[in-house]
Enquirer: 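Take a look at the following structure, please.
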Amino acid sequence: MFPSVVFKSGNNGPGILGGPEGGPSDPSGLSPLGGQTPPWLDICTMDRDLSEDDSVVDLSFEAESPLAPPAELLERLPSYDWLFQRGGQQIMFPPLEAPGRPLEQRCWSSFLEHSRVPLVTEEVAREALLSFVSSKCCYGSTAAGDLIIQELKQQTLCRYRLETFSESRVSEWTFQPFTNQSVDGPQRGTSPRLWDIKVQVPPMFQEDTRKFQVPHSSLVKECHKCHGRGRYKCSGCHGAGMVRCPSCSGAKRKAKQSRRCQMCSGSGRRRCSTCSGRGSKTCATCKGEKRLLHFIQLVIMWKNSLFEFVSEHRLNCPRELLAKAKGQSLFKDENTVVYPIVDFPLREISLASQRGIAEHSAALSPRARVLQQRQTIELIPVTEVHYWYRGQTYVYYIYGTDHRVHVVDYPDRYCFGCTII
């Protein structure tokens, strides 16, 4: 895949085109040091025939990409003239569709009655800890087997989650080497508007990015990097094919030694490793094809935005663990646009629903189109287990319907550093 180009209109900054000071490239192929060849390079070029490579200019300081699309492309695509006026890239989206119906008044007591989470018994608590300990290389199982459970404090938390699946479309100008493929240019018709281009939407709430060529937006132009030559002068040897020997620095003999340099066999020169001695390189922009196919590219991004909230608690269990815990589904609402929950028994859940929907709307409405929203409420069981072992009391937590364990301070740890074999 060839890189997309986002250009900026305005004055060229230093080094954008030509030499390092922003001036034009030296067409003679000389170095930028005052227009003169460095003295050390004379040994590499004194016996070189320049007639074979005079047409290969030194473009080592040229920008890989031009600052603007070809003028002919913009003239033939008036509906995309903003590519030049607004920085080369624009995100576009159509008006939002009509939202779904507001949520009907719900009897949450019936939901809660039919969604009771099973209590954790001492047997389940011990088995959960033993399973956790066995998965850790530095935890001993003696304490888990001999501990005495003193108290089980069980609490059920509520987790609210809002997912918003959105689509944004970006049109940008790009190019690739022209290999005599068919050209779908403006002469074949008018390019459609971005949101008129029909594409297959991925499954809801699964992120994806796809790129498409806008129909009838192609144009073939000479490569701006090599000016249609397919090759350019090597910046390593300045077209000589040979460079000064790094071992003897071109002196042909080692310093303070009478014998000749073994690396260059006494010639003072070595073949340029950058171009393998050819003096020129295949243009990396057009891959030697001399011409480029310019076109408008449509980039579609499907993104799933997530908002999560866990009801307040006073447990010493990390909130990030509870956010990822497996819960029991209590409520699910999915529509093009969902409405806030307003009458849930825990007011903080209703407030979280209102805040999450407002945040997603504010973040996405200026730049994307909402395709689907889904809000859920789940019950997350958490059990605080107090136990006694060898004269001291400790605590650990069992959370989620799959009985995950979080240990605060396990007494039977014997690792002071692991070695990976």
Side-chain angles (χ1 to χ4, degrees), residues 4 6-9 77 79-106 158-174 191-214 217 296-311 323 331-344 346-378:
S4 302
V6 178
F7 67 89
K8 296 182 179 179
S9 58
L77 301 172
S79 61
Y80 290 87
D81 57 357
W82 46 262
L83 272 174
F84 185 77
Q85 299 171 357
R86 304 188 184 182
Q89 185 182 66
Q90 185 177 11
I91 300 175
M92 302 182 67
F93 58 95
L96 291 176
E97 297 181 3
R101 295 181 179 180
L103 288 176
E104 299 176 355
Q105 195 75 13
R106 297 185 181 274
C158 286
R159 179 177 61 199
Y160 171 81
R161 177 178 290 164
L162 172 67
E163 296 174 272
T164 301
F165 189 60
S166 62
E167 174 184 331
S168 61
R169 296 194 174 194
V170 177
S171 60
E172 57 188 18
W173 159 66
T174 186
S191 295
R193 301 177 67 88
L194 292 185
W195 283 95
D196 292 337
I197 300 176
K198 304 298 183 181
V199 298
Q200 182 68 36
V201 179
M204 291 295 170
F205 306 105
Q206 293 187 19
E207 295 187 341
D208 196 6
T209 298
R210 299 177 192 171
K211 298 181 179 181
F212 305 90
Q213 181 175 336
V214 175
S217 68
I296 305 298
Q297 181 173 253
L298 169 63
V299 182
I300 304 181
M301 293 164 286
W302 290 279
K303 183 180 179 181
N304 190 40
S305 303
L306 180 64
F307 174 90
E308 285 185 328
F309 174 81
V310 178
S311 59
F331 168 75
K332 178 180 178 181
D333 176 32
E334 184 172 333
N335 210 323
T336 304
V337 176
V338 297
Y339 277 80
I341 298 171
V342 296
D343 55 351
F344 193 74
L346 285 177
R347 186 169 181 270
E348 55 185 335
I349 294 297
S350 297
L351 293 177
S353 175
Q354 298 172 33
R355 185 171 68 253
I357 292 175
E359 289 182 4
H360 280 194
S361 177
L364 297 174
S365 59
R367 59 183 178 86
R369 172 187 178 183
V370 175
L371 299 181
Q372 196 81 353
Q373 285 188 310
R374 178 170 61 196
Q375 60 180 345
T376 59
I377 300 176
E378 295 173 284

Enquirer: Grab the two heavy atoms, one from Leu194 and one from Arg169, that are nearest each other, plus how far apart they are.
Expert: O-NH1, 2.6 Å

Enquirer: Does the side chain of Ser191 reach to within under 4.5 Å of the side chain of Ile296, using non-hydrogen atoms?
Expert: no

Enquirer: Please name the pair of heavy atoms, one in Pro366 and one in Ala362, separated by the smallest distance, quoted to 0.1 Å.
Expert: CD-O, 3.3 Å

Enquirer: Testing the basics here: between Ile357 and Tyr339, what is the closest heavy-atom pair and its distance to 0.1 Å?
Expert: CD1-C, 3.6 Å

Enquirer: Return the set of residues passing side chain to side chain donor-acceptor pair (under 3.5 Å) with Arg355 (not counting sequence neighbours), or none when no residue passes.
Expert: none

Enquirer: Could I get the full list of side chain to side chain donor-acceptor pair (under 3.5 Å) partners for Glu359, not counting sequence neighbours?
Expert: none

Enquirer: With sequence neighbours left out, what residues match Gln372 under side chain to side chain donor-acceptor pair (under 3.5 Å)?
Expert: Glu334

Enquirer: Grab the two heavy atoms, one from Leu162 and one from Val338, that are nearest each other, plus how far apart they are.
Expert: CD1-CG2, 4.0 Å

Enquirer: Between Arg159 and Ala323 (side chain of the first, backbone of the second, donor and acceptor by atom type, cut-off under 3.5 Å), is there such a pair?
Expert: yes

Enquirer: Please list, one pair per line, the donor and acceptor atoms closer than 3.5 Å that link side chains of residues 197-206 to other protein atoms, with sequence neighbours excluded.
Expert:
none

Enquirer: Step by step, would you call Arg374 with Glu163 a salt bridge (charged side-chain N to carboxylate O under 4.0 Å, His left out)?
Expert: CA-CA 5 Å; Arg374 178 170 61 196; Glu163 296 174 272; 2.9 Å; yes

Enquirer: What pair of heavy atoms forms the shortest contact from Val337 to Gln373, and how long is it?
Expert: CA-OE1, 3.4 Å

Enquirer: Check whether any side-chain N or O of Glu207 sits under 3.5 Å from a backbone N or O of Asn304 as a donor-acceptor pair, and report yes or no.
Expert: yes

Enquirer: Give the intermediate values and the outcome of side-chain contact (heavy atoms from CB on, under 4.5 Å) for residues Val214 and Ser171.
Expert: CA-CA 9 Å; Val214 175; Ser171 60; 5.6 Å; no

Enquirer: So, taking the atom named SG in Cys158 and the one named CD in Glu378, what distance separates them when rounded to the nearest 0.5 Å?
Expert: 10.0 Å

Enquirer: To the nearest 0.5 Å, how far apart are CG in Leu298 and CD in Glu172?
Expert: 9.0 Å

Enquirer: Please tabulate, one pair per line, all N/O donor-acceptor pairs under 3.5 Å involving side-chain atoms of residues 347-354, not counting sequence neighbours.
Expert:
unit_1, atom_1, unit_2, atom_2, d
Glu348, OE1, Glu312, N, 3.3
Ser350, OG, Phe344, N, 3.1
Ser353, OG, Tyr160, OH, 3.3
Ser353, OG, Ile341, N, 2.9
Ser353, OG, Gln375, OE1, 3.2

Enquirer: How many angstroms lie between CG in Leu364 and CD in Glu167, if you round to the nearest 0.5 Å?
Expert: 12.5 Å

Enquirer: Can you spot which of Arg367, Met301, Lys303 makes a side-chain contact (heavy atoms from CB on, under 4.5 Å) with Ser166?
Expert: Lys303

